[in-house]
Number of protein chains: 2
Amino acid sequence: MTARHLRTPSDKIAPDVLCAALEILDELGPDGFTVRAIAERADVAPMAIYNHFDGKNGVLEAIWADGFDQLRTELGVTTGDAEVDVMAAGMAYRSFALEHRAHYTVMFMHRFVGFEPSVDAAHLAAGAFQELVNHIERCQVLGLFQSDKATNVAQMMWATCHGYVSLEILNINFSDKPDETYIHLLSGLRNGLAT
Amino acid sequence: MTARHLRTPSDKIAPDVLCAALEILDELGPDGFTVRAIAERADVAPMAIYNHFDGKNGVLEAIWADGFDQLRTELGVTTGDAEVDVMAAGMAYRSFALEHRAHYTVMFMHRFVGFEPSVDAAHLAAGAFQELVNHIERCQVLGLFQSDKATNVAQMMWATCHGYVSLEILNINFSDKPDETYIHLLSGLRNGLAT
DNA sequence: ATTGTAATAGAACAGTGTTCTATAGGGGGT
DNA sequence: ACCCCCTATAGAACACTGTTCTATTACAAT
């Protein structure tokens with residue numbers, strides 16, 4: 001759009017690229033996620049992606065890290081009622097995934113060629129998981145979820161949330177009421193593991 | 001390996017290509033899944049993949065269809081005890097995914113560029129899901145899973161199985177006993193939805 | 001032995017991520 | 001106001017991708 005050979009201020013490049021990358025991922029999916037397309041959308045030279053990130057995978061790493069940081073925040077909300085909080089975290093998980101599909105795609109849905117998150121990024125992912133463990137542990141103090149370690153129960157909960165949401169994003173949800181079915185699934189799991 | 005300019009019998013090409021494609025997917029993942037690599041592994045000319053399939057996506061379609069066909073078979077086992085069968089189907093789901101990672105990757109874990117399963121292939125997928133619905137319906141006759149439609153309960157079960165398995169394949173399972181945790185998850189869900 | 005099918009090798013095309021080059025815009029110092 | 005230096009830019013180049021087209025020829029059926 002903007003005429004070429006006008007240059008973008010240095011401190012605007014990184015956010016512009018990230019924004020453009022997320023837009024393209026949302027609109028075109030992983031197929032359209034190319035260096036040249038991102039650069040054009042951000043109104044920036046392709047080289048900028050190599051100077052400000054570490055190439056295409058650097059952009060993916062930034063999205064991955066940003067996603068797990070947001071997810072950790074949204075899963076970490078507490079009200080004082082642990083039993084309410086754990087269900088709220090389950091709801092927040094789905095909301096995050098459906099409202100940030102680009103992030104969720106990078107984090108869980110697609111193996112981009114050559115992309116392996118760094119150890120720092122993996123640590124962020126573990127941090128998000130830890131929020132689930134914390135919820136479970138607070139419930140266990142109240143006498144719930146006694147049948148297994150908090151880590152294992154949290155793994156079950158994450159699997160349940162991710163499974164429902166990922167099938168939904170892949171458009172293979174046969175439920176006639178997806179919202180209610182998700183709530184039903186969450187409460188069913190809670191009841192089944194309550195003792 | 002074999003000297004070139006020796007040609008492969010026509011009726012051996014398709015199975016050789018499929019076998020090579022699955023091997024490459026297992027060993028190198030989606031990154032290494034290239035037409036030239038598959039052809040070389042199958043000891044076949046790259047053009048064969050266009051003559052016997054419809055290019056790279058044709059191979060993916062064949063793997064997808066084969067996978068859902070196998071999955072439907074393995075989910076469809078019945079013994080007469082519906083409550084046992086539904087749990088067995090859950091176990092069979094995980095076994096299929098872990099023992100056929102290449103298939104599972106194509107079916108659920110990765111959006112290959114430009115690949116969209118045909119309506120026939122999508123019908124196979126629906127057939128596999130239907131086996132779950134059948135199990136749930138047989139349980140409902142016995143008084144179980146009364147709280148929702150069989151389709152919705154089956155969706156919950158599929159989500160649970162897929163979620164656990166897909167995180168496992170992505171190497172993000174924090175459980176210290178993955179096998180036991182899966183069983184615990186399945187029985188927890190059954191108990192939670194029993195009424 | 002001859003014929004016809006089809007598997008082959010190989011070039012060619014547009015597109016990919018990535019690296020390197022030379023150019024020149026524009027902010028910060030004088 | 002000027003100048004200088006940092007760096008964003010354009011563009012070529014590389015090896016790779018999926019795909020199409022070509023000409024050759026191995027090999028089975030006749």
Side-chain angles (χ1 to χ4, degrees), chain A residues 1-21 24-25 27-64 106 110-117, chain B residues 1-21 24-25 27-64 106 110-117:
Chain A
M1 287 305 178
T2 307
R4 278 280 75 69
H5 77 273
L6 293 181
R7 57 174 57 178
T8 311
S10 299
D11 55 1
K12 244 182 120 283
I13 288 189
D16 282 9
V17 167
L18 274 184
C19 182
I24 286 186
L25 222 35
E27 296 172 19
L28 278 53
D31 296 18
F33 193 80
T34 72
V35 171
R36 290 169 177 87
I38 297 167
E40 188 180 7
R41 167 83 61 131
D43 206 38
V44 144
M47 271 303 296
I49 291 173
Y50 292 87
N51 296 331
H52 288 260
F53 298 87
D54 195 23
K56 184 183 180 179
N57 286 341
V59 178
L60 290 172
E61 168 104 8
I63 294 175
W64 162 290
V106 173
H110 190 86
R111 317 202 90 172
F112 290 84
V113 343
F115 173 61
E116 203 74 34
Chain B
M1 285 305 177
T2 307
R4 279 279 74 70
H5 77 272
L6 294 181
R7 56 177 56 180
T8 311
S10 298
D11 55 1
K12 244 182 119 280
I13 288 189
D16 282 9
V17 166
L18 274 184
C19 182
I24 286 186
L25 221 36
E27 296 172 18
L28 277 52
D31 298 18
F33 193 80
T34 72
V35 171
R36 289 170 177 87
I38 297 167
E40 188 180 6
R41 167 83 60 131
D43 206 38
V44 146
M47 270 304 295
I49 291 172
Y50 292 87
N51 295 332
H52 288 259
F53 298 87
D54 195 22
K56 184 183 181 179
N57 286 341
V59 179
L60 289 172
E61 169 103 9
I63 293 175
W64 161 290
V106 173
H110 189 88
R111 316 202 91 171
F112 290 84
V113 342
F115 172 60
E116 202 74 34

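The sequence lines fix the lettering, A, B, ..., with proteins before strands; numbering per chain opens at 1.
Distance Arg7(B) CZ to dA23(D) C1': 13 Å, rounded to the nearest Å. If you take OH of Tyr50(B) and P of dA12(C), they are 18 Å apart, rounded to a whole angstrom. In this structure, the CG atom of Asn51(A) is 15 Å from the P atom of dC6(D), given to the nearest Å. Distance Asp31(A) CG to dG15(C) P: 15 Å, rounded to the nearest Å. For Phe53(A) and dT18(C), the CZ to P distance is 13 Å, given to the nearest whole Å. At whole-Å resolution of the value, CZ in Phe33(B) and C1' in dT16(C) are 18 Å apart. The distance from atom CE of Met47(B) to atom P of dT24(D) is 16 Å, rounded to the nearest whole Å. The interatomic distance linking Phe112(B) (CZ) with dT16(C) (C1') rounds to 17 Å, in whole Å.
When each of dT8(C), dG18(D), dG17(C) is scored by its nearest atom to the side-chain atoms of Lys56(A), the top-ranked nucleotide is dG17(C). The nucleotide whose nearest atom lies closest to any side-chain atom of Val35(A) is, among dC27(D), dA24(C), dG17(C), dG17(C).
For Asp31(B), the CG atom counts as densely surrounded, since its 6.0 Å shell holds more than 12 non-hydrogen atoms of other residues, nucleotides or ligands.
Between Ile13(B) and Ala48(B), the closest heavy-atom pair is CG2-CB, 3.9 Å.
Taking NZ of Lys56(A) as the start and OG1 of Thr34(A) as the end, the distance is 7.0 Å to the nearest 0.5 Å. Atom CZ in Phe112(A) sits 7.5 Å away from atom CD1 in Ile63(A) (nearest 0.5 Å).
Note on Thr34(A): a side-chain N or O is less than 4.0 Å away from OP1 or OP2 of dT16(C). At dC6(D), none of the side-chain N or O atoms of Ser10(A) fall inside 4.0 Å of OP1 or OP2 (strictly under the cut-off).
Closest-nucleotide positions on DNA chain D for His52(A) and Arg36(A) were compared, and the one nearer the 5' end corresponds to His52(A).
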